[in-house]
Amino acid sequence: MPDRGTPARILVTAFEPFGPPGGPVRPENASETVLRALLARDPGRFDALLLPVDPRCEVALARAFDGDPPGVLALGEAGGPGEWDTNVEEVARDLPVSRTAAGAGDAASAVFRSSLFAAGVPLLPGMERRERIGSFWCNRAYWRVLEWCQLFHRPAAFLHLRVEGDRGRQADHAAHVLSAMERATGLLPPARERRSRQKA
């Protein structure tokens with residue numbers, strides 16, 4: 001059971017580094033790098049969870065949901081061409097995890113869940129909103145996040161961070177979406193609340 005004496009905080013998740021099937025693990029995961037940047041900017045603002053890129057991911061999420069977060073912002077990394085840094089994913093599909101593009105073939109007929117919050121969050125320069133989630137662990141994690149958030153009427157979003165993108169800008173994008181989620185849930189970090197009162 002969550003500790004009701006602790007102020008409610010958004011849950012922000014990221015993934016550990018991983019590698020291609022049979023290949024070496026990459027030295028970083030863009031999502032972990034950005035999560036650590038957010039933690040350095042404002043420690044204690046949100047609850048952070050680093051997820052393994054394997055079936056333990058779903059177990060870790062289920063345990064984190066026991067903390068009853070008022071919203072969930074999930075981060076993952078993606079390759080792909082273009083000038084975008086951050087992609088806001090609206091949809092996750094009930095698909096088994098596939099480490100190859102072949103697994104995405106069933107996406108059109110798969111049951112899906114979508115996030116109204118993710119569909120409406122304003123985009124900053126360098127952000128896009130397209131379906132890039134595929135059938136990897138990112139999709140499976142977001143499916144579980146949406147499943148829980150919709151059951152308890154909480155906002156949810158998944159940000160795909162382009163591997164070749166600008167980490168500083170991606171951290172700004174994640175902080176922007178986190179702020180939007182805090183506003184949507186009626187939360188405001190104490191330091192920002194004090195600054196708001198001082199300006200009034």
Side-chain angles (χ1 to χ4, degrees), residues 2-3 5-18 26-53 57 60-61 63-65 67-79 82-90 115 117-118 120-129 132-133 137-138 141-142 145 149 154-200:
D3 178 2
T6 303
R9 297 189 296 193
I10 302 296
L11 174 65
V12 182
T13 73
F15 283 99
E16 296 175 345
F18 66 100
R26 291 179 52 249
E28 75 149 2
N29 187 302
S31 65
E32 180 183 4
T33 302
V34 168
L35 176 61
R36 293 192 186 284
L38 290 177
L39 286 168
R41 287 183 185 191
D42 207 344
R45 178 179 177 185
F46 58 87
D47 291 327
L49 176 64
L50 192 60
L51 297 170
V53 188
C57 161
L61 280 170
R63 288 175 176 160
F65 296 153
D68 198 25
V72 182
L73 172 59
L75 309 176
E77 69 172 16
E83 298 301 315
W84 61 281
D85 287 299
T86 304
N87 189 65
V88 181
E89 301 283 355
E90 294 180 54
S115 166
F117 173 82
V121 70
L123 301 182
L124 299 179
M127 296 177 74
E128 292 186 354
R129 195 170 4 238
R132 290 186 165 105
I133 203 157
W137 280 108
C138 287
Y142 196 24
V145 166
C149 285
R154 311 289 165 85
F158 190 101
L159 302 185
H160 252 141
L161 310 171
R162 193 166 69 95
V163 172
E164 299 83 5
D166 182 299
R167 297 287 179 269
R169 230 168 41 146
Q170 289 168 339
D172 290 342
H173 295 159
H176 164 69
V177 177
L178 177 60
S179 293
M181 192 172 285
E182 288 170 335
R183 287 192 297 273
T185 56
L187 299 176
L188 195 61
R192 291 169 185 242
E193 188 175 9
R194 283 197 298 272
R195 285 198 294 271
S196 297
R197 284 201 299 262
Q198 288 169 357
K199 290 179 181 177

### Query
By side-chain contact (heavy atoms from CB on, under 4.5 Å), which residues pair with R41, not counting sequence neighbours?
A171, D172, A175

### Query
Residues two or more places apart in sequence or in another chain: which of them pass side-chain hydrogen bond (donor to acceptor under 3.5 Å, both in side chains) with E16?
none

### Summary
Contacts of R36 meeting side-chain hydrogen bond (donor to acceptor under 3.5 Å, both in side chains) (sequence neighbours excluded), chain-then-number -> E32

### Message
Determine whether a donor-acceptor pair (N or O, by modelled atom type, separation under 3.5 Å) exists between the side chain of H173 and the backbone of L123.
### Response
no

### Task
Rounded to the nearest 0.5 Å, what's the gap from CZ on F65 to CG on L11? Could you check?
7.0 Å

### Task
Would you give the length of the straight line joining atom SG of C138 to atom CD1 of I133, rounded to the nearest 0.5 angstrom?
6.0 Å

### side-chain contact (heavy atoms from CB on, under 4.5 Å) partners of A157, counting only residues at least two apart
L73, F117, A118, V177, M181

### Task
For the residue pair L75 and T13, establish whether any side-chain heavy-atom pair is separated by less than 4.5 Å.
no

### Query
side-chain hydrogen bond (donor to acceptor under 3.5 Å, both in side chains) with D47: which residues, sequence neighbours excluded?
R9

### Task
Give the C-alpha distance, both sets of side-chain angles, the deciding distance and a yes or no for side chain to side chain contact (heavy atoms under 4.5 Å, CB included) between R154 and D68.
CA-CA 10 Å; R154 311 289 165 85; D68 198 25; 2.9 Å; yes

### Query
What is the minimum heavy-atom distance between G79 and V163, and which atoms define it?
N-CG2, 4.2 Å

#### Entry: Non-hydrogen atoms of L51 and A141 that approach each other most closely
CD1-CB, 4.5 Å

### Query
When rounded to the nearest 0.5 angstrom, what is the spacing between SG in C149 and OH in Y142?
8.5 Å

#### Entry: Derivation and outcome, side chain to side chain contact (heavy atoms under 4.5 Å, CB included), residues M127 and V88
CA-CA 7 Å; M127 296 177 74; V88 181; 3.6 Å; yes

### Summary
Applying side-chain contact (heavy atoms from CB on, under 4.5 Å) to R162 and not counting sequence neighbours gives W84, E164, Q170

### Query
Under a 4.5 Å cut-off applied to non-hydrogen side-chain atoms, are P69 and I10 in contact?
no

### Message
Ignoring hydrogens, what is the shortest heavy-atom contact between L159 and A174? Give both atom names and the distance.
### Response
CD1-CA, 3.7 Å

### Message
Ignoring hydrogens, what is the shortest heavy-atom contact between L161 and A30? Give both atom names and the distance.
### Response
CD1-O, 3.8 Å

### Query
Between the side chains of S179 and R45, does any donor sit under 3.5 Å from an acceptor?
yes

#### Entry: Results of ring pair (Phe, Tyr, Trp, His ring centres under 6.0 Å) for F46 - residues two or more places apart only
none

### Query
Can you check whether R169 reaches P125 side chain to side chain, under 4.5 Å on heavy atoms?
yes

### Query
Got a sec, which residues hit side-chain hydrogen bond (donor to acceptor under 3.5 Å, both in side chains) with N87, two or more places apart in sequence or on another chain?
E89, R132

### Query
Got a sec, which residues hit ring pair (Phe, Tyr, Trp, His ring centres under 6.0 Å) with F15, two or more places apart in sequence or on another chain?
none

### Summary
Residues at least two apart in sequence or cross-chain that pass side-chain contact (heavy atoms from CB on, under 4.5 Å) with T33, listed by chain then number, are E28, R167

### Message
Taking D85's backbone N and O only, do any of them form a donor-acceptor pair with H160's side chain (distance below 3.5 Å, no angle check)?
### Response
no

### Task
Report the distance from atom CG of N29 to atom CG of L50, rounding to the nearest 0.5 Å.
8.0 Å

### Task
Please name the residue in the list L61, V12, L35 that meets the side-chain contact (heavy atoms from CB on, under 4.5 Å) test with L49.
L61

